[in-house]
Q: 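Sending over a structure as structure tokens; questions will come in a sec.
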Amino acid sequence: MQKKIVVLTGAGISAESGLKTFRDSGGLWEGHDVTKVATPEAWAKDRALVLEFYNQRRKQALEAKPNPGHIALAELEEFFEVVIITQNIDALHERAGSSNVLHLHGEISKVRSTLDPDLVYDLEGWELKEGDKCAKGSQLRPHIVWFGEAVPMMEPAIQEALSADIFIVAGTSLVVYPAAGLLDFIKPEVPKFIIDPKMPSVPQRDNLYLYEEPASSGLPKVKAQLIEKYS
Ligand code: BV8
């Protein structure tokens, strides 16, 4: 019976693809106050600024390429059932070949109606503009979970975490909830691998293996060890 690997990734796994993280020096939130670009209040107050913030990130995300960290995770699918739970809004996991990706905080290439949240569209190109409307005639917004908004994919993510045989965390500061709380749903006996050049603070847990290095070197190492030990 194939073992099931559940992976939680954050902005750090896309750092080596050239996409900025949030809280590293020079990170996204350095240039912007999160409350001014990633909240419903920001959207109500200055829609043009929010549209521009996401248009810039969408353009970079479309130009970025998967790195060896994304690729190692995709290659694990040859030996294991793999579920990627990502906080990232880029599509680098999918482009690396991962076939089971759950976006907790939405996707930069998708937009949705401000009238009917079930109306979600793939955006052509990188620019969402004022006046771009849904089929019901209301302005389209980024299909992204802003701060203060509910995380609808959290329930399915918890179900995946509860059934993990192996858990990998890569490139996240584990600051944002409820995403960071996924760790609490992993059974004590499950081996947990954390890859990050600046290890986030994780309360002491059983079966914890820390790799204090970038995803592009740490994930290929973890992949080799998992194949040797568990496949
Ligand atoms: C909600 C989409 C309720 C937007 C994002 C006070 C205390 C605790 C919590 C709260 C609080 N006040 C408010 C809250 C709740 C809030 C929250 O957690 N705030 C934080 C800031 C304290 N959470 C929310 O608002 C959530 N919603 O709670 O709703 C509710 C319930 C019902 C009904 C209504 C409402 C929604 C949160 C989602 C926000 N959206 N993203 C966008 O992308 O623009 S969050 C955003 O930051 C990311 O998506 C990501 O999830 C999150 C964390 O970022 P990381 O991915 O971890 O990146 P970061 O820069 O932090 O870290 C990078 C890591 O990578 C570092 O560790 C670094 O060392 C490492 N790294 C760097 N280079 C590499 C590397 N690793 C490997 N290789 C490398 N090369």
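Both ligands and their constituent atoms are indexed starting at 1 by order of listing.
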Q: Using a 4.0 Å cut-off to any heavy atom of Trp146, which atoms of ligand 1 qualify?
A: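 Once the distances to Trp146 are compared, the set is 36 (C), 39 (C).
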Q: So is there a nitrogen or oxygen of Phe22 less than 3.5 Å from a nitrogen or oxygen in ligand 1?
A: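 For ligand 1, there is an N or O atom that lies under 3.5 Å from one belonging to Phe22.
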Q: Look only at the side chain of Gln60 and the backbone of Arg57, and say whether a donor-acceptor pair between them is shorter than 3.5 Å.
A: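 No.
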Q: Got Val101 and Ile85 here, is their nearest side-chain heavy-atom distance under 4.5 Å?
A: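 Answer no - side chains too far apart.
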Q: Tell me which one of Arg57, His32, His105 gets a heavy atom nearest to atom 43 (O) of ligand 1.
A: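 Comparing heavy atoms across Arg57, His32, His105, the nearest one to atom 43 (O) of ligand 1 lies in Arg57.
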Q: Does a salt bridge link Arg58 with Asp90, judged by any charged N lying under 4.0 Å from a carboxylate O?
A: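 Between Asp90 and Arg58 there is no salt bridge, as every charged N stays at least 4.0 Å from the carboxylate O atoms.
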Q: Taking the side chain as everything from C-beta on, heavy atoms only, tell me whether Ile166 gets closer than 4.5 Å to Phe193.
A: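 With C-beta onward as the side chain, the pair touches.
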Q: Taking only heavy atoms of Gly148, which atoms of ligand 1 are found under 4.0 Å from at least one of them?
A: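 Per the distance check, 24 (C), 25 (O), 34 (C), 35 (C).
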Q: Quick one: nearest non-hydrogen protein atom to atom 71 (N) of ligand 1, plus distance?
A: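 The protein heavy atom lying closest is Gly12 CA, 3.6 Å.
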Q: Regarding ligand 1, does Tyr177 bring an N or O atom to under 3.5 Å of one of the ligand's N or O atoms?
A: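 Yes; at least one N/O pair falls below 3.5 Å.
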Q: Any idea how Tyr54 and Trp146 line up, ring-wise: parallel (<30°), tilted (30 to 60°), or perpendicular (>60°)?
A: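 Aromatic pair Tyr54/Trp146 classed tilted.
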Q: Would Ser99 and Glu77 count as having a side-chain donor-acceptor pair, cut-off 3.5 Å?
A: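 Yes.
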Q: List the steps, then state whether salt bridge (Lys or Arg N to Asp or Glu O under 4.0 Å) holds for Lys4 with Glu160.
A: CA-CA 9 Å; Lys4 177 172 180 176; Glu160 297 295 359; 2.5 Å; yes
Q: Is there side-chain contact between Pro191 and Phe167, with at least one heavy-atom pair below 4.5 Å?
A: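 No. Closest side-chain heavy atoms not under 4.5 Å.
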Q: Of the listed options (Pro142, Ala170, Ala215, Ser216), which comes nearest to atom 78 (N) of ligand 1 when hydrogens are ignored and any heavy atom counts?
A: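 When every heavy atom of Pro142, Ala170, Ala215, Ser216 is considered, Ala215 comes closest to atom 78 (N) of ligand 1.
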Q: Could you name the option among Arg23, Glu107, Lys20, Gln87 that has the heavy atom nearest to atom 54 (O) of ligand 1?
A: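 Residue with the shortest heavy-atom distance to the ligand atom: Arg23.
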Q: Give a yes/no on ligand 1: does Ile13 have at least one heavy atom closer than 4.0 angstrom to it?
A: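 No, that is not the case, since the closest heavy atom of the residue is not under 4.0 Å from the ligand.
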Q: Would a 4.0 Å cut-off, counted as strictly less than, catch a protein heavy atom around atom 80 (N) of ligand 1?
A: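 So atom 80 (N) of ligand 1 has protein heavy-atom neighbours under 4.0 Å.
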Q: What part of Ile144, side chain, backbone, both or neither, has a heavy atom within less than 4.0 angstrom of ligand 1?
A: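 For Ile144, the contact with ligand 1 is made by the side chain alone.
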Q: Determine, for Glu130 against Arg47, whether the closest basic-nitrogen to carboxylate-oxygen distance falls under 4.0 angstrom.
A: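 Salt bridge flag = yes for Arg47 with Glu130.
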Q: Can you find a protein heavy atom closer to atom 5 (C) of ligand 1 than 4.0 Å?
A: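 For atom 5 (C) of ligand 1 the answer is yes, since some protein heavy atom falls inside 4.0 Å.
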Q: Looking only at heavy atoms, which two atoms of Val202 and Arg205 are closest? And how far apart?
A: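 So the two residues come closest at CG1-NH1, 3.8 Å.
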Q: Counting C-beta onward and ignoring hydrogens, is there a side-chain heavy-atom pair between Leu73 and Val82 closer than 4.5 Å?
A: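 A side-chain contact under 4.5 Å is absent here.
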Q: With heavy-atom distances below 4.0 Å as the criterion, list the atoms of ligand 1 near Tyr54.
A: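 Counting atoms of ligand 1 from 1, those under 4.0 Å from Tyr54 are 4 (C), 42 (C), 44 (O).
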Q: Report the nearest protein non-hydrogen atom to atom 73 (N) of ligand 1: residue, atom name, distance rounded to 0.1 Å.
A: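 Ranked first by proximity to atom 73 (N) of ligand 1 is Ala15 CB, 3.8 Å.
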Q: Going through the distances and angles, do Met154 and Leu104 end up as a side chain to side chain contact (heavy atoms under 4.5 Å, CB included)?
A: CA-CA 6 Å; Met154 195 60 202; Leu104 277 180; 4.1 Å; yes
Q: Given side chains that start at C-beta, do those of Lys110 and Asp122 come closer than 4.5 Å, heavy atoms only?
A: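 Of all side-chain heavy-atom pairs linking Asp122 with Lys110, at least one is under 4.5 Å.
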Q: For atom 21 (C) of ligand 1, what is the closest protein heavy atom, and at what distance to 0.1 Å?
A: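 Result for atom 21 (C) of ligand 1: Phe147 CE2, 3.8 Å.
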Q: Nearest heavy atom to atom 63 (C) of ligand 1: which of Gly171, Gly106, Pro152 does it belong to?
A: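 Among Gly171, Gly106, Pro152, the closest heavy atom to atom 63 (C) of ligand 1 comes from Gly171.
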Q: Side chains of Asp165 and Val190: does their closest heavy-atom pair fall under 4.5 Å?
A: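 The answer is no, as the side chains (C-beta and beyond) never meet within the 4.5 Å cut-off.
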Q: Establish whether atom 10 (C) of ligand 1 and some protein heavy atom are separated by less than 4.0 angstrom.
A: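 No.
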Q: Enumerate the atoms of ligand 1 whose separation from the nearest heavy atom of Ile89 is less than 4.0 angstrom.
A: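 So the answer, numbered in order with elements, is 43 (O).
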Q: Below 4.0 angstrom from a heavy atom of Gly10, which ligand 1 atoms are there? Numbered from 1 as shown, please.
A: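 Close to Gly10: 56 (O).
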Q: Any nitrogen or oxygen of Ala11 lying under 3.5 Å from a nitrogen or oxygen in ligand 1? Just yes or no.
A: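 Between Ala11 and ligand 1 (N or O atoms, distance only) the closest approach is under 3.5 Å.
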Q: Going by the atom numbers of ligand 1, which of them fall below 4.0 Å from some non-hydrogen atom of Thr172?
A: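 Numbered from 1, ligand 1 contributes 55 (P), 57 (O), 64 (C), 65 (O), 67 (O).
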Q: What atoms of ligand 1 come closer than 4.0 angstrom to any heavy atom of Glu149?
A: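 Those atoms are 1 (C), 26 (C), 27 (N), 29 (O), 35 (C), 36 (C).
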Q: Against heavy atoms of Glu16, which atoms of ligand 1 measure under 4.0 Å?
A: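 Ligand 1 atoms under the 4.0 Å threshold to Glu16: 78 (N), 79 (C), 80 (N).
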Q: Heavy-atom distance from atom 13 (C) of ligand 1 to the protein below 4.0 Å?
A: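 It does not: no protein heavy atom is found less than 4.0 Å away from atom 13 (C) of ligand 1.
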Q: Quick test of your reading of the model: are Lys198 and Glu212 salt-bridged, counting only N-O distances below 4.0 Å?
A: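 Here Lys198 does not pair with Glu212 in a salt bridge, since their nearest N and O are not under 4.0 Å apart.
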Q: Quick test: of every protein heavy atom, which one is nearest to atom 37 (C) of ligand 1, and how far off is it to 0.1 Å?
A: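 The closest heavy atom on the protein side is Val176 CG1, 3.6 Å.
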